[in-house]
Structure formats: C-alpha cells, structure tokens
Number of protein chains: 2
Amino acid sequence: MTAHAEQKLGASDIAAMVRREISKGNLQLHDRLQPERVLAETYGAARGTVRKALNLLEDEGFVEIRPGSGTYVVHKPDDSSPAAIDNATPLELMDTRFALEPHICRLSVLHGRRADFDKMETLCTRMEQCVEDPVSFSEADTHFHRALADSTRNGLLIWIIDQIANVRSQDDWTRMRHLTLDAATINQYNAQHRQILNALRTREPERAATIMKEHLETARLSLTRASET
Amino acid sequence: MTAHAEQKLGASDIAAMVRREISKGNLQLHDRLQPERVLAETYGAARGTVRKALNLLEDEGFVEIRPGSGTYVVHKPDDSSPAAIDNATPLELMDTRFALEPHICRLSVLHGRRADFDKMETLCTRMEQCVEDPVSFSEADTHFHRALADSTRNGLLIWIIDQIANVRSQDDWTRMRHLTLDAATINQYNAQHRQILNALRTREPERAATIMKEHLETARLSLTRASET
DNA sequence: CATTTTTAAACCAAATATATACCAATATAT
DNA sequence: ATATATTGGTATATATTTGGTTTAAAAATG
C-alpha cells in the first residue's frame, strides 16, 4: 500500500480522486467501484465520508449508485469525438433521427433477413421486461435501433447510427430522458417497436416508416415536455 | 498496483473482465467462451453469477448466447471506424443520401433563410455554366448539397453530410461517375436543382422532398447504368 | 465559542451470490 | 439413426453483500 497516511481526506478530496480515476480510464464504463466500506478503509476515511463523495459524483453524472448492488461508472472517458457530436442538441438529434430512421425501415424491408428480425424481437421482449427500469430500457432501446440499422446491411448507415448513439449516451440529456420515461411512456414505445417489427416482417416498407415517424414524434414530445419542466 | 489478491467478484466485475478481454482482442469475433461452469470455477464464483455477467454482455452486444451450444463473441472490436466511410459502396451511399436529403429539404423549409437560398442560387448558376466540365460540375454539386444542409442549421446533419462528401471525393468511382456525366445528364440535374430551390423558397417542404427523391433516383440510375458498362 | 464535518457503531431493506437439482437444446461418438 | 455427453435455461431456498439510515461522540473549522 502506498502511503495514503499523509493527510486526512475530506469528502471532496475523495470525490476528486475517484473522478480522476474515471477520466484517466482506470475505471471504465460499467465498472463497479469497490463497496463503500472498502473504499472507506483504503482512503482511511469513515464510511459516511466516502458516501458523501460518491453522492457528489452521482450528482455530477460520473457514477450511478444502485442500492443493494453497488456504485457503477456511467461516464465515458474523454474520447475525442467531433464537436458536432459532442455539442449536438437533443432537437438536432431528433431531426437527424427523423431523417434517417424511417428510411432505414424501408431499407430493412428490402435487405433484412429473418435472423435480423428475430434479434429485434428478442430486444423487444427484453424492453418489455424493463417497464420499471428506465436505464436498462434505454440501453436495450439503443440496441434495438442499432439492430434495425444492421438489418439494412448498409455499413455507412450503421456507422452513422453508431455515431448518433454516442450523442445519446454521453449527454446529461440521457439522465433527463430517464426522468421522462415513466411506465406509460415505455409501454407506448414498446407497442410501437412491436408494430414496426411486424411491418418489417410483413414487408410493408411504408407502413414501417410511418410507424417509425410516429415513434419519433412520441419521443420528441416527451423531450419537449421534459425541457419545459 | 497489486494485491487485490482475494477480492470477491460480482457479476459486473466478471462482465468487466470479459468485456476487456474482448476489446483487447484476446477473445476475437466468433470465438466461443468457456462453458459457464468452467468460467464459474476460474473466477471463483457461482454459476449463477457468471450467468448474470454473460447476460449483461449480451445486452451490451458483446456476446451471443446459444443454448446448448455455448457463448460466442459477436462484437466487432473497436470500430470508431473510418473503415465504414472508406469502404462504403456507391449504392450504400445512395441509400444513405435517400434517407437524409429529402428530409433535409423539409428542415430547410423550416429553418432556411433568404441568404441560404441565395447561396444555393449562386451555386446553381455556377453548375449551369459547367455543362461541358463534369469535374467542375461535380465539385459545385457537392457544394450545393452542403449549402442545402447548412440551411437546416443542424450541426449534426451538416457534419454527417460532410462525412458523406468525403466518401464521394475519395473513391475511384468518382472518376467513373464523371464518365456518366454527359451534357444531357448535367442539364437534368440542373433543372432538378432549380426546382428544389424554388420549392424551398416557396416553403413547400413535401414538394422539395419529392423532387429531391427524383433527383437522387436520377443519380442512382446513372450510377447503375455506369456499373453495367 | 459555535458550526460544520468527520467518525464510529448499529441496524434495515434490497439486491446479489451461493449451492443444488433438474430441464431443454445442441454437439458428438457410436 | 441413436445414444450419450456437454451446454445453456430455470427454479429455489439460504446466506452474504451492499447501499440507506440513524445516532451520538470526536475532530476540524472559522
């Protein structure tokens, strides 16, 4: 052990050290921090102090504290993505998705295979089991839209969708979005996902595109609703 | 670092370790992981714990679990890919433009200003003076579509259009494309550009989008015509 | 001095991990 | 083709771990 014994550490000191571990990359996305009781010992502080530090980091959006489970990293270490992606606003993002995803539905009807749709079906089922868990739902939702893009077999489109997914995950908006994801909204999304999938399976490009537009319109509404709060 | 020696491993810890093995490349695409029962022993955890970890990784899209068979790596290690752009085929590009540009027209009607349209008009005029010069025409054409994207005031969309423009300029088939650009085709393009611009000025989003689709269809035809030669 | 922060200990509820047994899908050898 | 072994899927009862909370005393701070 390398001598932390030097000085007494306050809550904000500990927060700073953990924050640094995260942006340095020693702690990566989805990693679980050591339990509060262990951190307390390694930093030579009381559990209550560590707890304050972690709450600070949670407010800053670096970690997510899950009672009974642990504290997890929710922050991507500085990758140098283009400014256009980092600074994209939620509304810009929605307009871009409005451009892409309905047409992606049409292409999916043309190029998608049974296996693609089966995968999307699996994700639908998973999302339907996440009605009470906005975070997991949101993650599965991202995968659903990625799987949809996959089914077009268009590497360029898939790449663009991936870039867009980065916008969604990095921002504070994600947290705000989770707040707007009540059970009713999630159920509505799930119904729309199913309808889209059905339209793809029955090879109805325009119907799939139309439902996708409705889906995005729903999402846009819940977004504006959230920003007015 | 050292001597974490005997820390108990939770599901997310195991998930993190496997995730790192995958992105590091120790586990490659289509590799099969060890059976759950073996992993459980090597990580010193119960099978249920390993199982939870693997399910997490499946949610994240790193692995695919096939009952009775095994668990397989499905993650394309670190795309972040210029590859998707460099290797994009002309048809992939056309499909992507089909997705983006009609909707860009709609957004242009919403957010475009007179100055934007004036700039596009200038480019139209320039293109009309290039009927005999496919290379110059092609350059101006790129600028026209970029100016159209600019008029949406959507930084994300503009960035995507720029990426796509790189595809167009880099590749060999750009040369091929120039071969198909006879005077008749260029005149047709020019007429369509004018029509699009007019629809934007008169604030008719759907008409602008429709003409854009026709424009892209024309381009796609001349593309397939070229590749059959 | 008054105030805030840290410490320390105990307890709670929820989430997770363990251990075991059995089922279902798949692969392999006969 | 059939039988057998291997693999993931599921269920369950129990034990452990984890964050959440409260309280009171000690230490640091201004």
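Just the heavy atoms: all of them, side chains too, but no hydrogens, waters or symmetry mates, feed the values below. Here is how names work: the chains are called A, B, and so on, in the same order as the sequence lines, proteins then strands, and each is numbered from 1. As the structure is a computational prediction, the values presented were derived from the model and not from experiment.
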- Distance-only, no hydrogens or angles: does the A:Asn26 side chain make a donor-acceptor pair with backbone N or O of A:Glu21 under 3.5 Å? no

- Query: How many angstroms lie between atom CG of A:Leu91 and atom CZ of A:Phe98, to the nearest 0.5 angstrom?
  - Reply: 11.0 Å

- Looking only at side-chain N and O atoms, does A:Thr49 come under 4.0 Å of OP1 or OP2 in C:dT5? no

- Note on the structure: When rounded to the nearest 0.5 Å, the distance separating NE2 of A:His143 from CD of B:Glu58 is 10.5 Å

- Query: Rounded to the Å, how far apart are B:Tyr43 OH and C:dT18 P?
  - Reply: 14 Å

- Steps toward side-chain contact (heavy atoms from CB on, under 4.5 Å) verdict (A:His215, A:Glu101): CA-CA 10 Å; A:His215 180 50; A:Glu101 304 215 48; over 6 Å; no

- Message: Suppose we screen for side chain to side chain contact (heavy atoms under 4.5 Å, CB included). Which residues come up paired with B:Thr71, at least two apart in sequence or across chains?
- Response: B:Leu33, B:Leu54, B:Val63, B:Ile65

- In whole angstroms, the gap separating P of D:dA28 from CG of A:Asp13 amounts to 14 Å

- Message: Go through it in stages, so that I can follow the logic: the residues are A:Asp116 and A:His111, the test is side chain to side chain donor-acceptor pair (under 3.5 Å), and I'd like the CA-CA distance, side-chain angles, deciding distance and then a yes or no.
- Response: CA-CA 10 Å; A:Asp116 299 318; A:His111 302 120; over 6 Å; no

- Item | Nucleotide D:dT18, atom C1' - distance to NZ of B:Lys52 in whole Å | 13 Å

- Message: Heavy-atom count check: over 12 atoms from other residues, nucleotides or ligands less than 6.0 Å from A:Glu41 CD?
- Response: no

- Query: Which pairs pass salt bridge (Lys or Arg N to Asp or Glu O under 4.0 Å) with one or both residues in residues 157-166 of chain B, sequence neighbours excluded?
  - Reply: B:Arg146-B:Asp162

- Message: Other residues, nucleotides and ligands only: do more than 12 of their heavy atoms fall within 6.0 Å of CZ on B:Arg20?
- Response: yes

- nucleotides 2-15 of chain D: protein proximity per nucleotide (B base, S sugar-phosphate only, - neither; heavy atom, under 4.0 Å): -----BBBB-----

- Bend of the helix from C:dC1-D:dG30 to C:dT30-D:dA1 from end-axis comparison, five pairs per end, nearest 10°, comes to 60°

- Mind checking side chain to side chain donor-acceptor pair (under 3.5 Å) for B:Thr218 and listing every partner two or more places apart, or none if nothing turns up? B:Gln192

Using nucleotides 24-26 of chain D, report all nitrogen or oxygen pairs with the protein that are shorter than 3.5 Å.
none

